[in-house]
Structure formats: structure tokens, C-alpha cells
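Comments concern the structure below.
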Amino acid sequence: MKSSAAVRLFGATYSVYTRIARLALLEKSVPFEFVAFDIYDVSTFPAGYADLHPFRKIPALQHGNFGLHEAQAITRYVDRALEGPSLQPSDPVAAAWCDCVVAMNDAYGFSALIKGVYVERISKPARGQACDETTVQASLKIAGKYLQRLDAGMAGRNWLAGDSVTLADIHSYPMIRYFWLEPDGRKLIGTYPAISRWMTRFSERQSARETLPPAESNVE
């Protein structure tokens, strides 16, 4: 029997990885308390947070007396331990591809789409800092390979790793959506119609609407 103990998720509304964890909980229809704070302002940290996450990053999950950090671990735990629709394919090949997509996001997606393009082109100029165009151009090349691999892996399906939403979609969407906010990112996504349709389809889900980051709150 899966546990019904209280669930608390700690993180920031602007955080890609916090959104991933929130999406997993919402897609499972799990009741949870979201404890939001600013990772860049230590004065906002919840009391005892360092005991839950010794590296003081986000997100972190507390389920009853059990604490956990790292987004991949959190989403897989949520799927295994809590009631709701399965977020991991039962077929071994589909499950392996789902795991591959999740891993690609950590290995290539975040560094290219978020740090290499969104941060350089949007976040840094907003703070009055110079954009490193060398980093942007190198990151756009990696982003192209990443999107091409996701597109090929869809194989005509509506979702990235099957006929229903899985952790592959949940881990990919927040990164791709931030990338879409940058004009060259949006243009690159547009060269992959299946990925564009997938992103629009996920954007219409209740879980996506409930987790809009501040940067996207005024974007249609």
C-alpha cells in the first residue's frame, strides 16, 4: 500500500527543477504543501532546510519522516511511493528511453537551453550584465542536437516516451518552455513541428498552468 503521509515540497517558483517536481506531484494528483523561498536569499530559507538538503539547493521533498533531494530522485520516488497514474512506462524499451530523456535534460538540456541561452540572452541583460555570445552560439548547437534527438524519439507519438505523460515530458517541458521564451530558442523549436505541438499540448495541461514561473506569467 502506498503511503498517505503528508507531502511538502521546497523550492522556488522560478526554478526549472522545482517546477519539474511540482509537475510530477500534480500529474499524480497528490495533495502537497509547496514551501516557496528564494534560493539566492539565505534569509528566506525555511528553518532546518540544511538538514533536509545539505547542499542547500532546490528542490527538496519531505514525505512524513522521509526527506529527499535531487529532482530525478524526487520524481521517481513520487511515482513509486504515491497513488496516481503511473509516470514511467511499463515496457522496458519505452522505460529505457524515458530514463534517457530525463538524463539528457540534466547532461545537456539545462546547460544549453537554460544556462547557455536563457540566462545569457534574458537573465543577464535584465540584471545589467553582458551576454556572452560565444556561449550562446555553442549552446544553440547543442540545443539543436538535443531537440533533434527528442523529435526522433517521439516516433509519431503525442508524448515523448509513450501514449501518456511520463517523466520524460515532465523533465523536458520546463527547460524547453524557458528556451522558447528566447527568440532564437523559439525559432529553433519551430524547426521541429512535433516538438512544437508537444510543447503547446503540455502547456494546456492544468499542471503546467498551475506552475507558471514569473517569467512566463504574461506570455501567451
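The first residue in the sequence is number 1, and the count goes up from there.
- How far CZ of Arg177 is from CD of Glu216: 4.0 Å, rounded to the nearest 0.5 Å.
- Remark: Ala6 pairs with no residue by the side chain to side chain contact (heavy atoms under 4.5 Å, CB included) rule, at least two apart or across chains.
- Val101 is not listed as a side-chain neighbour of Arg149, based on a closest heavy-atom distance of 4.5 Å or more.
- In this structure the side chain of Phe179 never reaches within 4.5 angstrom of the side chain of Ile114, judged on heavy atoms.
- A cation-pi arrangement is present between Arg22 and Phe34, with the terminal nitrogen or guanidinium carbon under 6.0 Å from the aromatic centre and inside a 45° cone about the axis.
- Side-chain contact check for Val35 versus Leu9: every heavy-atom pair is 4.5 Å or farther apart.
- Put simply, the side chain of Glu182 does not reach to within 4.5 Å of the side chain of Leu188, judged on heavy atoms.
- Note: His63 and Tyr77 meet the aromatic proximity criterion, with ring centroids under 6.0 Å apart.
- Dense packing is recorded around CZ of Arg157, with more than 12 heavy atoms of other residues, nucleotides or ligands lying under 6.0 Å away.
- Both Tyr40 and Val119 are part of a single hydrophobic cluster, where members link through side-chain heavy atoms under 4.5 Å apart.
- Separation of atoms OG1 (Thr44) and CG (Asp38) is listed at 5.0 Å; rounding is to 0.5 Å.
- Judged by distance alone, with hydrogens and angles left aside, the side-chain atoms of Ser139 form a donor-acceptor pair with the main-chain N or O of Thr135 at under 3.5 Å.
- Residues passing the salt bridge (Lys or Arg N to Asp or Glu O under 4.0 Å) test with Lys124 are Glu120, sequence neighbours excluded.
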Test log, rule side-chain contact (heavy atoms from CB on, under 4.5 Å), inputs Thr13 and Thr18: CA-CA 7 Å; Thr13 57; Thr18 299; over 6 Å; no

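- Among residues two or more places apart in sequence or in another chain, the side chain to side chain contact (heavy atoms under 4.5 Å, CB included) test is passed with Asp51 by none.
- Pairs of residues two or more places apart, or lying in two chains, that qualify as ring pair (Phe, Tyr, Trp, His ring centres under 6.0 Å) and include a residue from residues 96-147 are Tyr17-Phe110, Tyr118-Tyr178.
- Applying the side chain to side chain contact (heavy atoms under 4.5 Å, CB included) rule to Ser29 yields no partners; only residues at least two apart in sequence or on another chain are considered.
- Take Phe10 and apply the ring pair (Phe, Tyr, Trp, His ring centres under 6.0 Å) test, not counting sequence neighbours, and it matches Tyr49.
- Using a 4.5 Å cut-off on side-chain heavy atoms (C-beta onward), Ile170 and Val165 make contact.
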Worked check of side-chain contact (heavy atoms from CB on, under 4.5 Å) between Leu87 and Thr75: CA-CA 9 Å; Leu87 300 177; Thr75 59; over 6 Å; no

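- Rounding to the nearest 0.5 Å gives a distance of 12.5 Å between OG of Ser172 and CE of Met199.
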Residues Ile58, Phe37; criterion side-chain contact (heavy atoms from CB on, under 4.5 Å); working and verdict: CA-CA 10 Å; Ile58 48 177; Phe37 64 100; 3.5 Å; yes

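- In the hydrophobic cluster analysis, where Ile, Leu, Val, Met, Phe, Trp and Tyr join through side-chain heavy atoms closer than 4.5 angstrom, Ile39 is grouped apart from Phe55.
- Checked against side chain to side chain contact (heavy atoms under 4.5 Å, CB included), Glu133 has the following partners two or more places apart in sequence or in another chain: Arg121, Cys131, Val136, Gln137.
- Across Ile122 and Leu181, no two heavy atoms sit closer than the pair CD1-O, 3.8 Å.
- No donor-acceptor pair under 3.5 Å is formed between the side chain of Glu70 and the backbone N or O of Gln72.
- Ile20 is not listed as a side-chain neighbour of Ile74, based on a closest heavy-atom distance of 4.5 Å or more.
- For Phe202, the ring pair (Phe, Tyr, Trp, His ring centres under 6.0 Å) test picks out Tyr173, with sequence neighbours left out.
- Proximity of Pro59 to His69: side-chain heavy atoms (C-beta onward) are nowhere separated by under 4.5 Å.
- Listed here is the closest heavy atom pair of Arg19 and Ala208: NH2-O, 3.0 Å.
- With values rounded to the nearest 0.5 angstrom, Cys100 atom SG is found 10.0 Å from Asn105 atom CG.
- When all heavy atoms of Ala143 and Ala112 are compared, the closest pair comes out as N-CB, 4.2 Å.
- For residues 187-201, every residue pair satisfying the side-chain hydrogen bond (donor to acceptor under 3.5 Å, both in side chains) rule, not counting sequence neighbours, is listed here: Asp169-Trp198.
- The salt bridge (Lys or Arg N to Asp or Glu O under 4.0 Å) search around Arg205 returns Glu27, not counting sequence neighbours.
- For the salt bridge (Lys or Arg N to Asp or Glu O under 4.0 Å) test, no residue two or more places apart in sequence or in another chain qualifies with Asp151.
- Taking CG of Leu167 as the reference point, atom CG of Leu160 lies at 11.5 Å (rounded to 0.5 Å).
- The line from SG of Cys98 to CH2 of Trp159 is 13.5 Å long, rounded to the nearest 0.5 Å.
- Annotation for Gln129 and Arg127: closest pair OE1-NH2, 3.1 Å, computed over non-hydrogen atoms.
- At most 12 non-hydrogen atoms from other residues, nucleotides or ligands lie less than 6.0 angstrom from CG of Asp163.
- Counting only residues at least two apart or on different chains, the salt bridge (charged side-chain N to carboxylate O under 4.0 Å, His left out) pairs with a member in residues 92-109 are Arg76-Asp99.
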Derivation and outcome, side-chain contact (heavy atoms from CB on, under 4.5 Å), residues Leu23 and Thr211: CA-CA 7 Å; Leu23 287 172; Thr211 59; 3.6 Å; yes

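- Leu26 places none of its side-chain heavy atoms less than 4.5 Å from the side chain of Gln206.
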